[in-house]
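Heads up: numbering here begins at 1 and tracks the sequence.
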Amino acid sequence: MAMILQGSIVGVLLLLLMLLLILLLILLACKPWRFFSSLSSPSRALKVGDLERPLVLDDANAHGQSNESTRSNDLEGACGQNEGLLHSPRMHDLVYKQRLPSASLQLNEGDSVVLNSDTIEDLSVGQTLRFLSLTERLAEVQTHVIQEDQNPNLKSDLKNVLLQDLVPKAIADQSNFCLSLMGKRALLGSCLSLEVISGPSCGLRCSVQPTSASRLPLTIGRVSSDLLLKDSEVSGKHAMINWNADKNKWELVDMGSLNGTFLNSQPISHPDSGSRHRGDPVELSSGDIITLGTTSNVHVHVTSKSESQTPFGIGIASDPMAFRRGGKKLAMEDVCYYQWPLPGIPQFGVFGICDGHGGVAAAKSASKMLPEKVASILSDSLIRERVLSQCDASDVLRVAFDQTEANMNNYYEGCAATVLLVWVDSNENLFAQCANVGDSACFMKYIKMTEDHRVSSYSERLRLNETGVPLRDGETRLYGLNLARMLGDKFLKQQEPRFSSEPYISEAIHINQESGAFALLASDGFWDVISLKKAAQLVTQAKERYFEGGGNISEKVANFLLSEAKTLRTKDNTSILFLEFDRKFRISCKVDS
């Protein structure tokens, strides 16, 4: 009995095993998990009816392929097509695919629809491209397939539709972009800078942009004016300057002044001088001289500016500090200047201060020649490329100073000169390098970029002693001058060979525009009362104070520093040029003082 029972059990187990085997084979043949995969992964599969018939790779003889051929192409093929679009200006052939009469298309992970490409037009350089996700692309294919089924005439146009919608879309045509950019620059217009060069208010500066609607028109006069002239011959509201948007020009108008307004010595007042009527508008150009009354002359400087051209903030402030001990009046001998970009050299700009002594003529000559010499040298493409590749412009600055000194004819006047050269490389990195003679100084966020060339300074005394004629103890002047290096003063240099015009040149600095970097150039009237450490603290304080107020923060910082020098009772002309490199500060060229 035991043997019979044991045999029956073995038979039942074998039967069950065979049944399980048959069930497994049925499962493998039917593949029921496909339906569960479709339900659980809606993002990777399209439901039946989403596409009436699937697209498959095909050529003229592809009608006999099965639905499984859709899966024979892996995702790498599709990615390769997209990469080809980015790396090559042309694509492979994009061919319209015939469709099998199957009712559904199943897309699982790893599956793809690969589209060979047809010849398309080159994408223009500078276009902004938008890439469609796989889901978006398939959805758009679905739309076009349905439309084609409803209208057979659309069949021949499917290729064009796919070309437009399945490749990255160019949403900004280059020509439209260029027109938009030109329009933006026209809107920003030209920055107008005015400097009083003679009269009781000599040294006063004021600038404005055409976009500063709240400040236009700019008025010039003796009472409640934008450019306030303390001249008894100037009327309360003497003249005004406004921007003519139709002509893209600045225009000057006499406001019925008593003593008249002259442009380059030509009267522009109303013909009937006794009527006190306004004159006709007259266009202004860079270099014009406006004369109000008989003594006050205003120099006009028009500079093309735009936010896309100037990648940092600029602020200028200056004051002759007209009264010191005994009420002695000071002539303004400082000259601030900048050119960004240099003419014909859009990657470079020059910023400088010239502090004259014995008069302002040498400072004016140097401030005109230095940027011209730098621009002339950098106009050589080989020199320019060497500066960009080596990040070093020391030879450019040295030659510019040598040529300026050689061309200056100032025998009894001289000046200290500080020049900061700023440039942008092809990767939009900013660099700066400084050169100087004299005692005007520049520093960039705790980095001193200049050297003090006063006779009393340690480094300059070492140089003078090495010439073979050492200084006497306590000697701080040569021929009455406290400077040993300057531009001009040709007569003194003939008498005393220890005088020099050789500039000190700093290392080039890479400017991190995310770290609050700035540059501060100032004449010795500022440094006589404020140290480098104190100046850095004042800059931080001013930026925190004016950050929320809007406007040109660089201008506000420059005027804040100037007011501090006044408070500390500086006894010399004071000029400040402040550059803010932080990206969050907007650009403006208004530089009142």
* Asked: Should Glu460 and Arg463 count as an ion pair when the cut-off is N to O under 4.0 Å?
  -> yes

* Asked: Under 3.5 Å, is there a donor-acceptor pair between the Ser457 and Asp452 side chains?
  -> no

* **Spatial distance of atom CG (Leu194) from atom CD1 (Ile220) [nearest 0.5 Å]** => 5.5 Å

* **Arg454 bridged to Asp528 by N-O distance under 4.0 Å** => yes

* Tell me, do Glu413 and Asn410 make a side-chain contact under 4.5 Å, heavy atoms counted? -> yes

* Asked: Is there side-chain contact between Val424 and Asn429, with at least one heavy-atom pair below 4.5 Å?
  -> no

* Test Cys336 against Arg205 for side-chain contact (heavy atoms from CB on, under 4.5 Å), laying out the working first. => CA-CA 10 Å; Cys336 289; Arg205 302 168 185 268; 4.0 Å; yes

* Asked: Within a strict 4.5 Å, meaning less than it, do heavy atoms of the Val455 and Leu483 side chains meet?
  -> no

* Asked: Do any N or O atoms from the side chain of Thr404 and from the backbone of Ala400 form a donor-acceptor pair under 3.5 angstrom?
  -> yes

* Please assess Met332 against Asp319 for the test side-chain contact (heavy atoms from CB on, under 4.5 Å), listing each intermediate value before the final yes or no. => CA-CA 8 Å; Met332 186 59 172; Asp319 195 303; over 6 Å; no

* To the nearest 0.5 Å, what is the distance between CD (Glu283) and CG (Asn248)? -> 10.5 Å

* Check the pair Leu370 / Tyr337 against side-chain contact (heavy atoms from CB on, under 4.5 Å), numbers first and verdict last. => CA-CA 10 Å; Leu370 280 168; Tyr337 64 92; 3.7 Å; yes

* Are the side chain of Glu333 and the backbone of Gly359 linked by a donor-acceptor contact shorter than 3.5 Å? -> yes

* Asked: Which value, rounded to the nearest 0.5 Å, describes the distance between Leu421 atom CG and Leu342 atom CG?
  -> 7.5 Å

* **Verdict with reasoning, Ile509 to Gln433, per side-chain contact (heavy atoms from CB on, under 4.5 Å)** => CA-CA 6 Å; Ile509 300 296; Gln433 196 164 8; over 6 Å; no

* Any donor-acceptor pair under 3.5 Å from Lys490 side chain to Met408 backbone -> yes

* Distance in Å, Phe401 CZ paired with Lys373 NZ, rounded so as to fall on 0.5 Å steps -> 13.5 Å

* Around Lys249, counting heavy atoms of other residues, nucleotides and ligands shown, do more than 12 lie under 6.0 Å from its NZ? -> no

* Taking Thr418 for its side chain and Ser440 for its backbone only, find out whether a donor-acceptor pair lies under 3.5 Å. => yes

* Asked: Going from CD1 on Ile290 to CG on Leu263, what distance comes out if it is rounded to the nearest 0.5 angstrom?
  -> 6.5 Å

* **Any donor-acceptor pair under 3.5 Å from Ser531 side chain to Lys534 backbone** => yes

* Would you say Asn573's side chain and Gly525's backbone share a donor-acceptor pair under 3.5 angstrom? -> no

* Would you call Glu580-Lys543 a salt bridge at under 4.0 Å N-O? -> yes

* Structure fact -> From the list Tyr446, Phe443, Phe312, ring pair (Phe, Tyr, Trp, His ring centres under 6.0 Å) with Phe518 holds only for Phe443

* To do: Tell me yes or no: between the side chains of Asp489 and His357, is some donor less than 3.5 Å from an acceptor?
  => yes

* Asked: Taking the six-membered ring for Trp, is the centroid-to-centroid distance between Phe491 and Tyr411 below 6.0 Å?
  -> no

* Can you tell if the side chain of Leu520 reaches within under 4.5 Å of the side chain of Phe526, non-hydrogen atoms only? -> yes

* Close side-chain approach of Leu464 and Leu478, heavy atoms under 4.5 Å -> yes

* Asked: For Glu251, which residues count as a salt bridge (Lys or Arg N to Asp or Glu O under 4.0 Å) partner, sequence neighbours excluded?
  -> Lys247

* Check for a donor-acceptor pair, side chain of Ser198 on one end and backbone N or O of Asn297 on the other, with a separation under 3.5 Å. => yes

* **Test item: Val422 and Phe348 side chains (from C-beta on) under 4.5 Å apart, heavy atoms** => no

* To do: Using modelled atom types only, decide if a donor and an acceptor are shared between the side chain of Thr574 and the backbone of Asp572 within a distance under 3.5 Å.
  => yes

* Taking Asn559 for the side chain and Ala317 for the main chain, is one N or O donor matched with an acceptor at less than 3.5 Å? -> no

* To do: Grab the two heavy atoms, one from Val387 and one from Ala393, that are nearest each other, plus how far apart they are.
  => CG1-CB, 3.9 Å

* To do: Could you note down all residue pairs passing side-chain hydrogen bond (donor to acceptor under 3.5 Å, both in side chains) where residues 493-506 supplies at least one of them, sequence neighbours left out?
  => Glu405-Lys493, Glu496-Arg498

* **Neighbour count >12 (heavy atoms, 6.0 Å) for atom CD, Gln537** => yes

* To do: Verify, without hydrogens or angle tests, whether Asp288 (side chain) and Ser285 (backbone) share a donor-acceptor contact under 3.5 angstrom.
  => yes

* Between the side chains of Asn436 and Thr450, is a donor N or O closer than 3.5 angstrom to an acceptor N or O? -> no

* Asked: Is there a side-chain contact between Cys415 and Asp355, using heavy atoms and a 4.5 Å cut-off?
  -> no

* **Contact check, side chains of Thr570 and Leu568, non-hydrogen atoms, under 4.5 Å** => no

* Structure fact -> Closest heavy-atom pair, Asp334 versus Ser523, reported as atoms and distance to 0.1 Å, is OD2-OG, 2.9 Å

* Going from CG on Asp425 to CZ on Phe431, what distance comes out if it is rounded to the nearest 0.5 angstrom? -> 5.0 Å

